[in-house]
Amino acid sequence: MLSALALRFSTTGLRHHAVNSVSILSKNAALYSTRPISNSRQASTDPSLWHKALIDHAKAASVASSLSPEERWREKSDKLEVNPPPGVYAGRSLSVRPGELGRAMQNLTRRLRENRVAVQWKRQMRHEKKGVKRRRLVSERWRRRFADEIRRKIMLVRAIQRRGH
């Protein structure tokens with residue numbers, strides 16, 4: 001069946017369509033296989049590579065469909081190279097070198113300011129009603145977006161000025 005299909009595509013005007021389909025299948029098979037797939041020029045000249053690419057794609061699809069969603073999630077998670085945090089205090093501690101206490105304090109102050117720790121602490125001292133909080137969050141979002149647009153406009157004006165206009 002597969003070789004007859006390859007012959008039919010190679011003898012009719014649908015050859016171009018078959019080459020494109022096989023190259024897409026080859027790319028899809030490359031997502032699931034570990035060996036390199038041939039490029040589309042090579043596939044367009046050799047019908048046996050079409051056959052191989054179609055078989056590889058079918059194998060990859062059957063392997064992917066035979067796994068449960070949890071197994072697929074675990075398999076894809078294992079392939080990720082994201083390391084877990086090294087400890088409980090990761091991201092919450094700063095290293096202090098001898099003689100650099102001032103610099104460490106500056107880094108701590110900057111990190112606390114960037115994470116808005118003091119603002120959150122002051123806000124948590126008293127209860128905030130749900131509606132008040134919602135209005136505040138909408139206002140903060142609007143202010144952030146407005147400031148971002150102003151920043152973009154200023155950058156655009158400066159770029160135009162640099163060009164000499």
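This structure is a prediction, so every number in the text was calculated from the model and none was measured.
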NZ/NE/NH1/NH2 to OD/OE distance under 4.0 Å, Asp148 and Arg151: yes
Nearest-0.5 Å distance that lies between atom CD in Glu70 and atom CZ in Arg72: 9.5 Å
Side-chain heavy-atom pair Arg136, Arg123 within 4.5 angstrom cut-off: yes
Identified side-chain contact (heavy atoms from CB on, under 4.5 Å) counterpart of Ile154 within the set Ile150, Leu156, Val157: Ile150
Gap separating the CZ atom of Arg74 from the OG atom of Ser68, nearest 0.5 angstrom: 7.0 Å
Sidechain N-carboxylate O distance under 4.0 Å for Arg143, Glu149: no
Pair listing, ring pair (Phe, Tyr, Trp, His ring centres under 6.0 Å) test, anchored in residues 93-113, at least two apart: none
Taking only distance into account, with no hydrogens and no angle test, what donor-acceptor pairs under 3.5 Å do side-chain atoms of residues 109-119 form with protein atoms, sequence neighbours excluded?
residue, atom, partner, partner atom, Å
Thr109, OG1, Met105, O, 2.8
Arg110, NH1, Asn107, OD1, 3.1
Arg111, NH1, Ser93, O, 3.3
Asn115, ND2, Arg111, O, 3.3

Nearest non-hydrogen partners of Leu94 and Ala104, listed with the distance: CD1-O, 3.8 Å
Value rounded to 0.5 Å, distance of NZ in Lys129 from CZ in Arg135: 9.0 Å
Pairs meeting criterion ring pair (Phe, Tyr, Trp, His ring centres under 6.0 Å) with involvement of residues 108-151, two or more places apart: Trp142-Phe146
Contact check, side chains of Leu137 and Glu140, non-hydrogen atoms, under 4.5 Å: yes
